[in-house]
Asks: 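Handing you this structure, nothing more for now.
This structure is a prediction, so every number in the text was calculated from the model and none was measured. Start at 1 and go down the list; that is how both ligands and their atoms are numbered.
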Amino acid sequence: MTKKKPVRLRPYYKTRYAYEKLRVCKHCRSFTVLWEDKCASCGRQALIPVMDQARINAKRSMQNERLIALLVMLAAVLFSQTFVQIVLCFLGGMALTLFLWWFQRKMLETETRRQLDKLLRGSERRIVEGIYLNLSTASAAIKEDEQLGYEILREIASIVHNDRIRLQRIMLLQGFVLRKDMELELEPLMLEDFEPALAEYIGELAKVKRELIKSQAIRYVMIYEREILRMKDGAGIMSGVAGAAVRMKKYVDMYPEFILRYVRQLPKERYLRLYQLVRRNPDQSWNGLRDEVSAIYNEKYRWDPEFQNWE
Ligand SMILES: [Zn+2]
C-alpha cells in the first residue's frame with residue numbers, strides 16, 4: 001500500500017432531496033450533479049438548478065393559460081353584435097383573466113412541483129447520460145487528483161446509489177490520512193458483501209471518529225469476523241469496533257457476546273468506559289460480560305487510581 005496522503009476535503013452540502021443536486025443546461029438540456037461553471041456538453045454557462053427550471057416551466061405554462069383566456073375574450077368581443085355585448089364580454093373576460101392570475105399565483109408552488117416531476121420523468125435518459133459524463137470526469141480526475149476524484153464521486157453518490165461507486169469511494173478514502181475534523185461518513189458507504197477495504201475503513205474510523213460506528217458497522221464486522229481476523233491487523237479492527245461500541249449502553253445491550261470476545265484486547269481507556277457502564281448497571285449480567293469485566297479489573301486495574309475515582 002502506498003503512503004497515505006493528507007487532504008483537506010471541500011465542505012459537502014447535504015440537500016434535503018437528491019434532485020436538488022441536479023442542474024440542467026438551459027441551452028442543450030444536459031444534466032449534471034457537479035459544480036462546474038460551464039456545461040460539459042455544449043460549453044455554455046447555462047446551468048441552472050432543476051428546481052429553477054421547473055419554476056420557469058410553471059410560469060411559462062401559466063402564462064399560456066392567461067394568453068388563452070385573453071384570446072377567448074377577444075374572440076367573444078369580435079363576435080359581439082351590440083355595444084353592450086362588447087362591454088360585457090370585455091369586462092367578463094378581464095375579470096376572468098384577473099381571477100385566473102390570482103389563482104395561479106396561489107398555485108405556483110404546487111405547479112412548480114408538478115413541473116419538476118414532469119421534467120425529471122421526461123428526462124430520465126438525459127439524466128443518466130449526464131451522470132455517465134460526470135463519472136468519466138471522476139475517473140479522469142482520480143488519475144490526476146485523487147481528492148478531486150473523491151469529491152466528484154461524493155456528489156454523484158447523492159443521486160446514484162450503487163456498490164461500485166461506494167467501493168470506489170472507500171478505495172480512495174484508503175489513500176487519505178483520515179482525521180477527526182474531516183467530513184467522513186460510514187452508513188452511506190456500507191456494502192452487503194465482505195470487502196477488506198471497507199473493513200479497514202471501519203477499523204480506522206473506530207480510531208479517529210468513533211461516533212460513526214453504529215449498529216450497521218458492528219453487525220458487519222460480526223458477520224465477517226472470520227474473514228476480518230484473517231486480514232493483517234484484523235484483530236485490531238475487531239477490538240477497535242468493540243472499543244467504539246462500548247461508548248453506548250445500547251450497543252452493550254445488543255452485542256454483549258461480541259464485546260466479550262474482545263474485552264481483553266481493549267485499551268485501558270475503552271476498558272474504563274465499559275467498567276463504568278458495568279458499575280452503573282448492577283442488575284445486568286450481559287451474558288457473562290459482567291463477570292469478565294470484574295475478572296479483568298481484579299487482575300489488572302485493582303490498584304489503578306483512575307478506576308477508584310471515576311464517579
Ligand atoms: Zn449545454
Side-chain angles (χ1 to χ4, degrees), residues 7-68 101 104-105 107-173 175-176 182-185 188-189:
V7 292
R8 190 156 287 279
L9 297 173
R10 257 185 250 227
Y12 174 69
Y13 298 102
K14 285 193 188 75
T15 53
R16 191 149 157 228
Y17 303 105
Y19 64 78
E20 287 174 47
K21 288 264 173 186
L22 265 184
R23 288 188 303 156
V24 60
C25 173
K26 281 195 286 181
H27 180 68
C28 71
R29 304 266 150 205
S30 301
F31 287 81
T32 181
V33 280
L34 304 184
W35 49 77
E36 70 266 54
D37 297 326
K38 285 183 191 152
C39 168
S41 300
C42 71
R44 296 189 193 218
Q45 282 192 320
L47 291 166
I48 56 166
V50 282
M51 201 61 189
D52 293 359
Q53 182 63 55
R55 191 163 292 117
I56 292 172
N57 293 356
K59 283 187 176 158
R60 194 172 296 151
S61 101
M62 289 177 164
Q63 210 173 21
N64 289 342
E65 284 166 11
R66 289 199 300 275
L67 211 63
I68 290 170
W101 178 75
Q104 285 176 335
R105 274 195 16 178
M107 295 299 287
L108 183 60
E109 274 316 297
T110 319
E111 178 61 14
T112 302
R113 294 257 149 221
R114 207 180 65 81
Q115 289 288 343
L116 178 71
D117 204 47
K118 202 173 138 192
L119 176 68
L120 295 180
R121 243 179 251 275
S123 319
E124 255 168 52
R125 194 177 53 83
R126 267 181 290 117
I127 294 174
V128 171
E129 281 170 6
I131 288 167
Y132 267 112
L133 199 60
N134 291 161
L135 270 173
S136 66
T137 313
S139 37
I142 289 167
K143 288 186 200 105
E144 299 271 312
D145 178 346
E146 288 167 344
Q147 178 181 344
L148 181 64
Y150 175 77
E151 287 165 353
I152 293 176
L153 285 178
R154 191 174 59 180
E155 294 299 329
I156 295 172
S158 61
I159 302 267
V160 187
H161 309 281
N162 75 37
D163 281 356
R164 201 169 65 100
I165 292 175
R166 285 186 194 109
L167 187 57
Q168 237 173 340
R169 292 178 64 197
I170 296 166
M171 294 295 196
L172 285 170
L173 279 168
F176 305 151
M182 263 183 179
E183 272 187 77
L184 297 169
E185 46 187 4
L189 294 176

Asks: My understanding is that only residues two or more places apart in sequence, or in another chain, count here; which of them pass side chain to side chain contact (heavy atoms under 4.5 Å, CB included) with Glu146?
Replies: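 Counting only residues at least two positions away or on another chain, Glu146 forms a side chain to side chain contact (heavy atoms under 4.5 Å, CB included) with Lys5, Leu172, Phe176.
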
Asks: If I take atom CE from residue Met62 and atom CD from residue Gln115, how far apart are they, to the nearest 0.5 angstrom?
Replies: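 Output value for this atom pair is 8.5 Å.
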
Asks: Are Arg60 and Glu65 within salt-bridge range, i.e. N to O under 4.0 Å?
Replies: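 Salt bridge absent between Arg60 and Glu65.
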
Asks: Among the protein atoms near the Zn ion (ligand 1), how many are N, O or S and lie under 2.8 Å away?
Replies: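 If we list every protein N, O or S atom nearer than 2.8 Å to the Zn ion (ligand 1), we get 4.
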
Asks: Check residues 127-138 and write down every donor-acceptor pair under 3.5 Å in which the side-chain atom is one partner and the other belongs to a residue at least two apart or another chain.
Replies:
{"residue": "Glu129", "atom": "OE2", "partner": "Arg125", "partner atom": "NH1", "Å": "2.7"}
{"residue": "Asn134", "atom": "OD1", "partner": "Val33", "partner atom": "N", "Å": "2.9"}
{"residue": "Asn134", "atom": "ND2", "partner": "Thr32", "partner atom": "OG1", "Å": "3.1"}
{"residue": "Ser136", "atom": "OG", "partner": "Leu133", "partner atom": "O", "Å": "2.9"}
{"residue": "Thr137", "atom": "OG1", "partner": "Leu133", "partner atom": "O", "Å": "2.8"}

Asks: Test your reading of the model: is there a side-chain donor-acceptor pair from Arg169 to the backbone of Tyr150, 3.5 Å cut-off?
Replies: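 Answer holds: no.
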
Asks: Is there any ring pair (Phe, Tyr, Trp, His ring centres under 6.0 Å) pair reaching into residues 19-47, and which pairs are they, with sequence neighbours excluded?
Replies: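 Checked against ring pair (Phe, Tyr, Trp, His ring centres under 6.0 Å) - neighbours excluded - the pairs reaching residues 19-47 are Tyr17-Tyr19.
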
